[in-house]
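These notes concern the structure reproduced below.
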Amino acid sequence: MTPTRRDFLKTTGAMGAGLALGGVAACAGGAEDAAPAAPAPKRLLIFGGTGFIGPHTVQYAIDRGHQVTIFTRGRSEADLPEQVERLVGDRGGDHSALEGREWDVVIDNNGQDYRWVETSTELLKNSTQHYIYVSSISAYALEGFDWSRADDVLYQPLVGVDYALVQAPEGWSHGDPAAYGHMKALSEGIVQAAFPGRSAVVRPGLIVGPGDETNRFGYWPRRMDDGGEVLAPGRPEHAYQVIDQRDLTEWIVRLAEAQTAGVFNGTGPGERLEFGTALEQIGAATDTPHTLTWVPESFLEAQGLMPWRDFPSWIPGDPLMFVDVSASVAAGLTFRPLTVTARDALEFERSRDPEQVAARPFGLTREREAEVLEAWHAAQG
């Protein structure tokens, strides 16, 4: 059975300019170039704060003058400003550190179980003005990739914020465990019910950039930096969307400042980007000479290769690689150039332990890539 995009997201997390999405172009820089000055300081409670997107969220909020409290299990080290208040507890158990406290805004970065979200919203609904829940585009009721649709090229976004969400499977009862997309959809509803008119739901796409240890994006700048002939999968015309973790987290902090309510897709850029253009922009992050050799999906399938697993962040014809972000751009989401994201991701990749990099589950080995390229050239005569 062919794995879906949601299967791969569960494995790791549980996931050329053309037609404009909403007619607003991407910002040439990040939020530091475009963001208005911060309003009056707010008291922010952040669930998480030490994982991939947490430290930048915390640092950006501190830089903009806010009082930040994080709630974690206290098991992960992170380089955070000394003025951050650290509360220790367990989303699945001990919330006593939160009792009797008040905050202006909660940013829920790590609601990995809808039952956790039930507990936190019930505890905080009368002591917090606004709640931001970081969900996922995997909450949409789409199965993702299959090879029969690999030749589809999307030129209109099919998925907006009002698209249907994942529903409970037959036989499921409230209180049961939930699959990743279903869990996110359930959590969204819980937040909205507890904070009517005073919540924001952010549905990120693939979050990338420095600090990402999954290899789902870092594979590409690292591969370009190795140089030589690079196997580029499928057709360059397919749509491609990712979000730099700094663009996402800075925007979320600004949503907190304004206590913006609504539902938003958190991916980018602000216009249609083709995968071929994306690889060119990623390749511009290195001075190492390299060339792209495009190999059709049908040949890759015959070789037993798969999107996401063997070619990270590539899933041709998937509507979740071209969702509508116009409401998010209108609400202040901006985008760094992809080359900047790739350059910083490459610097992070170079700092990683080579053994840890080699152990990650995504991407072709150089040996396997060379075998497939040799087979492709032989098939061309």
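Side chains are part of it too, since the values below use all heavy atoms of this structure and drop only hydrogens, waters and symmetry mates. For the single chain, residues carry numbers from 1 onward in sequence order. These figures come from a predicted structure and were not determined experimentally.
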Test side-chain contact (heavy atoms from CB on, under 4.5 Å) applied to Q67 and K42, R43, E85, the passing residue
R43

Shortest non-hydrogen separation from V202 to G266 and the atoms involved:
CG1-CA, 4.4 Å

To check you understand the geometry: which heavy-atom pair defines the closest contact between P319 and V159, and what is its length?
CB-CG2, 4.1 Å

Quick one: does any side-chain atom of D212 pair with a main-chain N or O of G209 as donor and acceptor, under 3.5 Å?
no

Would you find a donor on one side and an acceptor on the other, under 3.5 Å apart, between the side chain of K125 and the backbone of V191?
no

Note: V105 and A256 closest approach over all heavy atoms is CG2-O, 3.5 Å

For the student: nearest non-hydrogen atoms of V201 and S135, plus distance:
CG1-CB, 4.0 Å

Is there a donor-acceptor contact under 3.5 Å linking the side chains of N265 and T267?
no

Could you state the interatomic distance from NE2 (H95) to CG (L124), rounded to the nearest 0.5 Å?
8.0 Å

Does any part of the side chain of I282, heavy atoms only, come nearer than 4.5 Å to the side chain of T339, both counted from C-beta?
no

Sequence-distant partners of E347, salt bridge (Lys or Arg N to Asp or Glu O under 4.0 Å), two or more places apart
none

Residues E213, R352: salt bridge by 4.0 Å N-O rule
yes

Is Q245 reaching over with its side chain to a backbone N or O of P210, donor-acceptor style, under 3.5 angstrom?
yes

With side-chain contact (heavy atoms from CB on, under 4.5 Å) as the test, would you mind laying out the steps for V106 and H130 before giving the verdict?
CA-CA 6 Å; V106 171; H130 194 74; over 6 Å; no

Under 3.5 Å donor-acceptor, T286 side chain and G283 backbone
no

Are the side chain of W251 and the backbone of F335 linked by a donor-acceptor contact shorter than 3.5 Å?
no

Greater than 12 external heavy atoms within 6.0 Å of E355's CD:
no

Approximate separation, where rounding is to 0.5 Å, of I315 CD1 and Q241 CD:
13.0 Å

Within the distance-only criterion (no hydrogens, no angle test), does the side chain of H56 pair as donor or acceptor with the backbone N or O of G54 below 3.5 angstrom?
no

Checking E371 against R368 for the salt bridge (charged side-chain N to carboxylate O under 4.0 Å, His left out) test, could you report, in this order, the C-alpha distance in whole Å, the side-chain angles of both residues, the deciding distance, and whether it holds?
CA-CA 5 Å; E371 290 174 0; R368 180 60 177 140; 3.2 Å; yes

ILVMFWY network linking L158 to V325, side-chain heavy atoms under 4.5 angstrom
yes

Would you mind checking if R223 and E369 are paired as a salt bridge, meaning a charged N to carboxylate O distance below 4.0 Å?
yes

Search all heavy atoms of A375 against all heavy atoms of Q303 and return the closest pair with its distance.
CB-NE2, 4.1 Å

Is a side-chain donor-acceptor pair under 3.5 Å present for Y219 with D310?
no

Greater than 12 external heavy atoms within 6.0 Å of E99's CD:
yes

Looking at D247 and R336, does any basic side-chain N land under 4.0 Å from a carboxylate oxygen?
yes

Is there a donor-acceptor pair under 3.5 Å between the side chain of W220 and the backbone N or O of P312?
yes

Any non-hydrogen side-chain atom of L87 less than 4.5 Å from a side-chain atom of T69?
yes

So, are R360 and E349 salt-bridged, with charged N and O less than 4.0 Å apart?
yes

Which of these passes side-chain hydrogen bond (donor to acceptor under 3.5 Å, both in side chains) with R91: D108, T72, T119?
D108

May I ask you to check if R272 and F322 form a cation-pi contact, with NZ or CZ under 6.0 angstrom from the six-membered ring centre and within 45° of the axis?
yes

Test: E188 and R203 ion pair at under 4.0 Å
yes

From the options W103, Y133, W116, F71, select the one residue that forms a ring-ring contact (aromatic ring centres under 6.0 Å, His included) with F47.
F71

Using a distance-only test with no angle check, is there a side-chain donor-acceptor pair under 3.5 angstrom linking S313 and Y240?
yes

Give, for atom CD of Q129 and atom CG of N126, the distance between the pair rounded to the nearest 0.5 Å.
12.5 Å

Does any N or O in the side chain of T121 come within less than 3.5 Å of the main-chain N or O of V117, such that one atom is a donor and the other an acceptor?
yes

For R254, the option from L333, T334, T260 that meets side-chain contact (heavy atoms from CB on, under 4.5 Å):
T334

With rounding to the nearest 0.5 angstrom, report the CD to CZ distance, E237 to F275.
12.0 Å

Sub-3.5 Å donor-acceptor pair from the side chain of H238 to the main-chain atoms of D152, do we have one?
yes

Could you tell me the separation between the CZ atom of R64 and the CG atom of L44, rounded to the nearest 0.5 Å?
11.0 Å

Output, in order, the C-alpha distance, side-chain angles, deciding distance and verdict of side-chain contact (heavy atoms from CB on, under 4.5 Å) for L373 and T293.
CA-CA 8 Å; L373 284 170; T293 297; 4.0 Å; yes

Closest heavy-atom pair, V68 versus A61, reported as atoms and distance to 0.1 Å, is CG2-CB, 3.7 Å

